[in-house]
Amino acid sequence: MPELPEVETIRRGLEGELTGRRIDGVDWRPAKLRGGPSPRPLMEMEGKRVRELRRHGKFLLIGLSDRSTFVIHLGMTGKLLFAEPGEDERDHTHLVLGLDDERQLRFSDPRRFGLLKLFGPGKPVPDLDHYGVDALDPAFTPAALGTLLAGSGAPLKAFLLDQTKLAGVGNIYACEALWRAGLSPRRKARTTPKAKVAPLHAGILGALHDSLAAGGSSFNDYVDAIGQEGSFMMEVAVFQREGEPCPRCGGAIRRIVQSGRSTFYCPTCQR
DNA sequence: ATGATCTCCTGAGCGC
DNA sequence: TGCGCTCAGGAGATCA
């Protein structure tokens, strides 16, 4: 599922290919996606050029020439792929943008947990109002993490998944970051020892950067905008490795369920 | 106010 | 072969 490194990999791939292109056609098949209807009909993108590609957390923000913003969230199974006209379409394709270089950019999302919204020129994006600092933002420092931790009584795993505190970390990287820091996912955030704050910060950034370097995690058949798979799943220490030995201490990796989601960790060296 | 649980949705995997 | 079941999870809504 796309988390920060996957969305950033896609953003980088799109940045080179899409910036400056004009959107000549908008084939929108409005399906019921998450997040309610788009404030502006997506057809209004026709004739606009792509000015910039930004990202906040797992949201992709496409700035257009008239200063409107096209917001994309890939949810669990959303895909953005370049295609040639006439090329076979994936099932559950909800949007096809025709570009002025004769290519298409297609969005498909079988589970429809994704989101497509167009905001008019100069309009803010309310979906991001309550979002926390992006995990790759320079403002996300160890000190900032310490402040956030002190304000939360949630288990560390739930804390890391809470996008209103820190944006971009999902299930894979939450598990990996906690393993790297040697912290139990069950520990209450505000009980994190002072000496463990910097290691947790380093664990989060390390997992995200390592994944970016590998082109993201290919899991649930994630691919980037040109269909490339990422290879970070080869490097994970604990995620989906229940019963396997911990790479650090050899103890058996355990799977538990927290807030309805799988958590993988090593009970021996994560305290 | 905070944290836990439910909900949306489809496809994959599994046992029989 | 196919049926029914469980599971996957981002994030908003709802509940305790």
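A, B, ... follow the sequence lines: proteins, then strands. Residue 1 opens every chain.
A:His56 places its NE2 atom 14 Å from the C1' atom of C:dA11, with the value rounded to the nearest Å. B:dG11 atom C1' lies 10 Å from atom CE of A:Met76, rounded to whole Å. Rounded to whole Å, the distance from CG on A:Asp162 to C1' on B:dA4 is 12 Å. Residue A:Asp127 contributes atom CG, which lies 11 Å from atom P of C:dA11 at whole-angstrom precision. The interatomic distance linking A:Leu115 (CG) with C:dA11 (C1') rounds to 10 Å, in whole Å.
One cannot find a donor-acceptor pair under 3.5 Å joining the base of C:dA8 and the side-chain atoms of A:Arg261.
Between B:dA4, C:dA11, B:dT10, one nucleotide has an atom nearer to the side chain of A:Lys58 than all others, and that is C:dA11. When each of B:dG3, C:dA11, B:dT5 is scored by its nearest atom to the side-chain atoms of A:Ser152, the top-ranked nucleotide is B:dG3.
The side-chain ring of A:Phe113 is stacked on the base of C:dG9, judged by centre separation under 5.5 angstrom and plane angle under 30 degrees.
Heavy-atom distances to DNA chain C give each of A:Gly260 and A:His130 a nearest nucleotide, and the one nearer the 5′ end belongs to A:Gly260.
Interatomic distance, CD1 of A:Ile256 versus CZ of A:Arg261, reported as 13.5 Å (0.5 Å rounding).
The side chain of A:Ser262 contributes no N or O atom lying less than 4.0 Å from OP1 or OP2 of C:dC7. For B:dT10, neither phosphate oxygen OP1 nor OP2 lies less than 4.0 angstrom from any side-chain nitrogen or oxygen of A:His92.
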